[in-house]
Amino acid sequence: MTAILDKHFSIFTLKNVLSLHVLVDYFGTKKLHQITDGTTLASSMFQATGTAAGTSGYVNITNLKEGKVGFGAENNDGHFHSFYVKSVEEFPYNVSVLQISQAITSADAEAPTPGPGDFNLTSIMAKQGCKAFADLLRASKALATFDDNVAGGLTVFCPTDNAVNGFLPKYKNLTGNQKVALLLYHGVPVYESLQMLRSNNGAMNTLATEGANKYDFTVQNDGEDVNLETKVVTATIVGTLIDQDPYVVYKVNKVLLPRELFKASLAPAESPKPAKKKKAADSEANSPAADGPADDSADQKAADDNSAASGLNSKFIMVLLGLFMGVLAL
């Protein structure tokens, strides 16, 4: 790839060059060596997406002498600089990954490619239910970082207006640098389509990630839902504002709270307070014991009454025995 990287193409030109290396037809090792008439033209993604001019997105594949297979641009005049090396992986008639000796060159694919039109991030947000977050960005130095990352790839998670408005009291208590870090935490410096997010669970760095400051969160899928877990809060993607590679903006139902800012400031749960002593009448009326068995004092009173009754019974029996013995003596 050195020959390509040394030319310092823009991300948009590089996208065209790479798409020239993805064919929309299946070519495994066996098929490469059985090409009819020894040569063929195969459409690439560069051609299929309509980006290529005319038929410049076709790739010439030719079975050369001694089993060599060459790859080149359509109008290569029979000169090949890239050759088949080996098969990396094949799923017959579906997908194959082939190693080639050099990148395929094409003047059309390498031509300067203009970037996307003017991209106004805050305007897109404001029109689709994220005006509150857009207003925070406009008033912050963080917006410049978002704009600088558009060309190279950008994924933004924009909290809804309700989520931001409920969070504003806490936001106002942050320092200037903390506010910038929080806003940058809602951006990822790569393009992540919804399908990519659904197939890639795991940690993800953000625009706020720098050195020891991780400022990352975890992407976790739950069926069709995509959740973003920050250790402090879990937000869910609830909509897509715009998806136009190399940038995409999603709407989420909560403000993303990084643990670097909020793990210490979160108020701990209050310890249970001891119950206040209640009046006897309240205790009898409200205590769970009122609906349950009688209390210990009632049991003790009953026991005392039983004990007294037992004592009287014993004395009566002793009198009867004394009278009986007297009669016997007579």
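FYI, side chains are in, hydrogens and waters are out, and symmetry mates aren't considered; it's all heavy atoms of this structure. This chain uses plain numbering: 1 for the first residue, then up along the sequence.
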Any Lys/Arg nitrogen of Lys31 or Asp25 sitting under 4.0 Å from an Asp/Glu carboxylate oxygen of the other? yes

Is it true that atom CD of Glu229 has more than 12 heavy atoms of other residues, nucleotides or ligands lying nearer than 6.0 Å? yes

Is it the case that over 12 heavy atoms from other parts of the model lie below 6.0 angstrom from the CG atom of Asn177? no

Is there a donor-acceptor pair closer than 3.5 Å between any side-chain N or O of Asn120 and the backbone N or O of Ser123? yes

Kindly indicate, with the supporting measurements, whether the criterion side-chain contact (heavy atoms from CB on, under 4.5 Å) is fulfilled by Ser10 and Thr13. CA-CA 5 Å; Ser10 71; Thr13 298; 3.3 Å; yes

Determine yes or no for a side-chain-to-main-chain donor-acceptor pair under 3.5 angstrom, with Asn200 supplying the side chain and Met196 the backbone. yes

Quick one: pull up OG1 in Thr40 and CD1 in Ile35 and give me the separation to the nearest 0.5 Å. 6.5 Å

Distance in Å, Asp108 CG paired with Leu20 CG, rounded so as to fall on 0.5 Å steps: 9.5 Å

Donor-acceptor contact present, side-chain Ser140 to main-chain Leu136, <3.5 Å: no

hydrophobic_cluster_shared for Ile124 and Val188, side chain cutoff 4.5 Å: yes

Leu261 side chain near Leu182 side chain, heavy-atom distance below 4.5 Å: yes

Could you tell me whether Glu90 and Lys30 have a side-chain N and a carboxylate O separated by less than 4.0 Å? no

Does Leu241 share a hydrophobic cluster with Leu194, counting links as ILVMFWY side-chain heavy atoms below 4.5 Å and allowing steps through other members? yes

Checking side-chain polar atoms at under 3.5 Å, does Thr55 have a donor or acceptor matched by the opposite partner on Glu74? yes

Given Tyr84 and Thr29, is the side-chain hydrogen bond (donor to acceptor under 3.5 Å, both in side chains) satisfied, shown in steps? CA-CA 9 Å; Tyr84 170 77; Thr29 302; 2.9 Å; yes

What orientation do Phe133 and His186 show, parallel under 30°, tilted 30 to 60°, or perpendicular over 60°? tilted

Do Tyr171 and Val180 belong to the same hydrophobic cluster, where Ile, Leu, Val, Met, Phe, Trp and Tyr are linked whenever their side-chain heavy atoms lie under 4.5 Å apart, directly or via other members? yes

Indicate if Tyr58 and Leu18 have the same hydrophobic cluster label, given that clusters are the connected sets of ILVMFWY residues with side-chain heavy-atom separations under 4.5 angstrom. no

Check whether NZ of the Lys or CZ of the Arg Lys231 lies under 6.0 Å from the centre of the six-membered ring of Phe217 and within 45 degrees of that ring's axis. no

Any side-chain heavy atom of Ile237 within less than 4.5 Å of one from Phe157? yes

What I'd like to find out is whether the side chain of Val17 reaches to under 4.5 Å of the side chain of Ile4, using heavy atoms alone. yes

Could you list the donor-acceptor pairs under 3.5 angstrom formed between side-chain atoms of residues 148-155 and any protein atom two or more places apart in sequence or on another chain?
| residue | atom | partner | partner atom | Å |
| --- | --- | --- | --- | --- |
| Asn149 | ND2 | Thr145 | O | 2.7 |
| Thr155 | OG1 | Val190 | O | 2.6 |
| Thr155 | OG1 | Glu192 | N | 2.8 |

Rounded to the nearest 0.5 Å, what separation is found between the CG atom of Leu121 and the CE atom of Met125? 3.5 Å

Just checking, is any N or O donor in the side chain of Asp37 or Thr39 under 3.5 Å from an acceptor N or O on the other one? no

Any carboxylate oxygen within less than 4.0 angstrom of a Lys/Arg side-chain nitrogen, looking at Lys7 and Glu110? yes

Only residue of Asn253, Val238, Asn165, Val255 satisfying side-chain contact (heavy atoms from CB on, under 4.5 Å) with Pro159 is Val255

State, without any angle test, whether Asp216 and Tyr185 hold a side-chain donor-acceptor pair at a distance under 3.5 Å. no

Which pair of heavy atoms, one from Ala73 and one from Ile104, lies closest together, and at what distance? N-CG2, 4.1 Å

Separation between OG (Ser193) and CZ (Arg198), nearest 0.5 Å, reads 9.5 Å

Hey, are Asp161 and Lys251 close enough for a salt bridge, meaning a charged N less than 4.0 Å from a carboxylate O? no

Determine, using the 4.5 Å side-chain heavy-atom cutoff (strictly less than), whether Met45 and Phe12 are members of one ILVMFWY cluster. no

Give a yes or no on whether the backbone of Ile242 and the side-chain of Thr240 come within a donor-acceptor separation of less than 3.5 Å. no

Mutual orientation of the aromatic rings belonging to Tyr93 and Tyr26 [parallel < 30°, tilted 30-60°, perpendicular > 60°]: tilted

Which of Thr234, Thr236, Thr218 passes side chain to side chain donor-acceptor pair (under 3.5 Å) with Asn227? Answer is Thr236

For Met204, I'd like to know if atom CE has over 12 heavy atoms of other residues, nucleotides or ligands within 6.0 Å. yes

